[in-house]
Amino acid sequence: MITAPDLVVAVGPALFEVVVTGKGDGEVRDVFLADPQEPATGQPGDLVLGLGLRDAEDAVELVERCAAGNASGVVLRTTLAHEPTVVAAADRWLLTLVALQPSVTWAHVVWLLRGVIDRAAAPDSPAAGDAGVHQELFALADAAAAIVDAPVTIEDNQSRVLAYSSGQDFTDPTRVSTIVGRRVPPEVIAHFRARGIFRRLARSSEPFLVPDGPNGIRPRLVVPVRAGGEWLGSIWAVVDGPVSDEVTAELSNAASVLALHLLRLRAQADVARRSAIDRLRTILRQFSPDNPLDVRLPRQPWRVVALGSPDGYDVPQQLDLWESTGRRHGWSEPQLADLDGTVLAVVTDADGPGSWTWLSKLVTEQAKTAPGTIAAAGGPARGPADLPSSRAQAVELLGLVRRGTAPGPALPVEEAWHVLTVHRAVTSLDTTKLDGPLATLLRHDIEHDTGFVETLQAWLEYPGQPQRAARELHLHTNTLRHRMKRIGEIAALDLSSPRERLALQLQIAAVRTEH
């Protein structure tokens with residue numbers, strides 16, 4: 001399932017902008033091209049594309065018809081979507097209103113949106129996957145190579161090779177290693193970065209020639225691929241020298257078509273990622289043996305880790321931060337999801353990237369430069385049914401690390417069982433209904449402005465060590481003994497009883513937690 005706002009987020013701001021969110025919870029199952037001469041506006045689940053509208057009056061009428069037909073949303077050209085009367089109508093009917101940039105045709109919009117919607121409807125189906133887009137990218141690479149009469153690669157904005165033309169035999173060693181490794185070699189990236197190539201790609205849409213370089217690097221014609229000002233990738237052609245303006249113009253036109261393919265590929269990847277997160281979230285909340293485990297998890301045994309980030313990040317940003325951090329340090333398939341406001345990871349108890357041992361070291365290192373980076377691991381999960389309990393332990397422990405009750409930055413439940421035990425016992429006590437000697441001491445402290453509860457706490461925390469307890473209270477040892485004698489006169493205590501000492505410590509901890 002994908003909603004209209006989610007669809008816009010998946011494609012990105014290069015083409016679309018949500019002007020009015022509306023209800024925002026209706027599933028988009030298809031797109032419908034609305035003809036202004038026809039009364040039909042599709043059916044529930046349709047995202048309506050408003051083409052051929054003459055003015056704001058036509059747009060308002062379409063919005064009202066879409067709302068009456070329970071459409072999931074309406075897409076209008078930017079000028080009409082921002083008209084005050086159109087915005088007011090969408091607000092009134094709680095209909096999602098999306099603005100479309102003027103640089104793309106409606107036919108391309110239909111192709112782009114239907115590809116993403118199909119992927120959302122069947123995220124695991126090969127027919128709805130990325131294979132079709134990748135095949136089209138290779139065809140575009142061949143078409144670009146025919147235009148420039150030179151070998152071509154298509155790369156994303158991370159220098160990863162998405163497609164390449166046939167006839168790569170007559171090129172330089174750098175191009176061969178780029179294709180074999182599916183990304184530009186680091187030393188070549190460093191060379192291009194030093195020449196300002198990537199800075200130019202990020203800022204300009206004009207093609208440019210990169211001269212030859214060391215180690216047999218031949219000249220390249222580079223064509224930035226952009227959509228709505230956003231840099232998506234580039235076309236790289238190995239040429240012998242300057243290229244004519246006509247050829248450059250044709251390659252620029254090819255880049256415009258390529259931009260839509262890259263948007264669709266990115267959007268489908270985003271939909272697949274959202275689907276994986278949703279499935280993982282489901283089994284972390286409550287695993288059901290009736291539903292098959294359709295999540296790709298590391299090898300068993302597992303454990304769930306609750307992750308904390310520095311202040312200033314919302315949950316989606318934390319999710320992105322942990323995913324990029326994990327991948328950058330060798331975790332090829334981070335198993336991450338957010339649940340009830342906490343980012344969670346499923347790791348293996350074995351060694352290597354994606355294990356708890358690896359993650360705890362990473363968190364400890366990250367915390368040195370980014371305070372607030374913490375991780376709390378629940379107990380081992382021998383099977384899917386154990387994941388929810390491991391998750392509950394991890395979330396509970398993360399809260400204690402955040403409050404400073406348990407040590408961080410990376411802590412497994414095995415090292416904090418005593419902290420958790422006390423915390424659970426303390427939080428189960430109702431401090432408004434305390435009885436026994438502590439209630440008497442609390443009343444005495446309030447009425448006479450004494451600190452007997454604090455004195456008793458220190459005495460209990462350092463049994464048989466009156467000097468240590470006195471130092472904690474900044475008292476003389478004889479003063480401490482005098483206070484303890486007075487406490488015994490006020491409240492009936494039997495400090496020789498281990499059970500009574502434990503009960504008093506739990507009650508004091510509960511009172512301190514409340515305050």
Between Gln393 and Gly379 (side chain of the first, backbone of the second, donor and acceptor by atom type, cut-off under 3.5 Å), is there such a pair? yes

Separation of [Y] [atom2] from [X] [atom1] (nearest 0.5 Å):
{"X": "Leu221", "Y": "Ile235", "atom1": "CG", "atom2": "CD1", "result": "9.0 Å"}
{"X": "Leu62", "Y": "Leu80", "atom1": "CG", "atom2": "CG", "result": "10.0 Å"}
{"X": "Leu339", "Y": "Leu344", "atom1": "CG", "atom2": "CG", "result": "6.0 Å"}
{"X": "Ser355", "Y": "Lys361", "atom1": "OG", "atom2": "NZ", "result": "8.0 Å"}
{"X": "Thr348", "Y": "Leu297", "atom1": "OG1", "atom2": "CG", "result": "10.0 Å"}

Not counting sequence neighbours, which residues clear salt bridge (Lys or Arg N to Asp or Glu O under 4.0 Å) with [X]? List them please.
{"X": "Glu230", "result": "Arg266"}
{"X": "Asp314", "result": "none"}
{"X": "Arg29", "result": "Glu27"}
{"X": "Arg92", "result": "Glu64"}

So, Ser360 and Trp358: side-chain donor and acceptor under 3.5 Å apart, yes or no? no

Measure across [X] and [Y] and return the closest heavy-atom pair with its distance rounded to 0.1 Å.
{"X": "Ala394", "Y": "Gly378", "value": "CB-N, 3.5 Å"}
{"X": "Val223", "Y": "Ser252", "value": "CG1-CA, 4.3 Å"}
{"X": "Val225", "Y": "Ala255", "value": "CG1-O, 3.6 Å"}
{"X": "Ala337", "Y": "Leu280", "value": "CB-CD2, 3.9 Å"}
{"X": "Gln317", "Y": "Tyr313", "value": "OE1-CA, 3.5 Å"}
{"X": "Ala81", "Y": "Val98", "value": "CB-O, 4.2 Å"}

Answer yes or no: are there more than 12 heavy-atom neighbours, outside Trp93 itself, under 6.0 Å from its atom CH2? no

Taking atom CZ as the centre, does Phe198 end up with more than 12 heavy-atom neighbours from other residues, nucleotides or ligands that are less than 6.0 angstrom away? yes

If a pair satisfies side chain to side chain donor-acceptor pair (under 3.5 Å) and one of its residues is in residues 73-89, list it, with sequence neighbours excluded. Glu17-His82

Could you name each residue pair satisfying side chain to side chain donor-acceptor pair (under 3.5 Å) that touches residues 325-347, not counting sequence neighbours? Arg281-Asp338, Arg296-Glu333, Glu323-Arg327

Listing request: all salt bridge (Lys or Arg N to Asp or Glu O under 4.0 Å) pairs with a residue in residues 98-111, at least two apart in sequence or in separate chains. none

Do any pairs count as a salt bridge (Lys or Arg N to Asp or Glu O under 4.0 Å) and have a residue in residues 234-262, sequence neighbours left out, and if so which ones? Arg218-Asp240

What pairs with [X] under side-chain hydrogen bond (donor to acceptor under 3.5 Å, both in side chains), at least two apart in sequence or on another chain?
{"X": "Trp322", "result": "Ser309"}
{"X": "Asp311", "result": "none"}
{"X": "Asp386", "result": "none"}

Student check: side-chain heavy atoms of [X] and [Y] closer than 4.5 Å:
{"X": "Leu7", "Y": "Val116", "value": "yes"}
{"X": "Arg195", "Y": "Pro211", "value": "yes"}
{"X": "Leu15", "Y": "Leu260", "value": "yes"}
{"X": "Val161", "Y": "Ile154", "value": "no"}
{"X": "Leu76", "Y": "Val74", "value": "yes"}
{"X": "Asn157", "Y": "Leu232", "value": "no"}

Check: residues 48-56 side-chain donor-acceptor pairs under 3.5 Å, at least two apart:
| from | atom 1 | to | atom 2 | distance (Å) |
| --- | --- | --- | --- | --- |
| Arg54 | NE | Asp58 | OD2 | 2.9 |
| Arg54 | NH2 | Asp58 | OD1 | 3.4 |
| Arg54 | NH2 | Asp58 | OD2 | 3.4 |
| Asp55 | OD1 | Glu57 | N | 3.2 |
| Asp55 | OD1 | Asp58 | N | 3.0 |

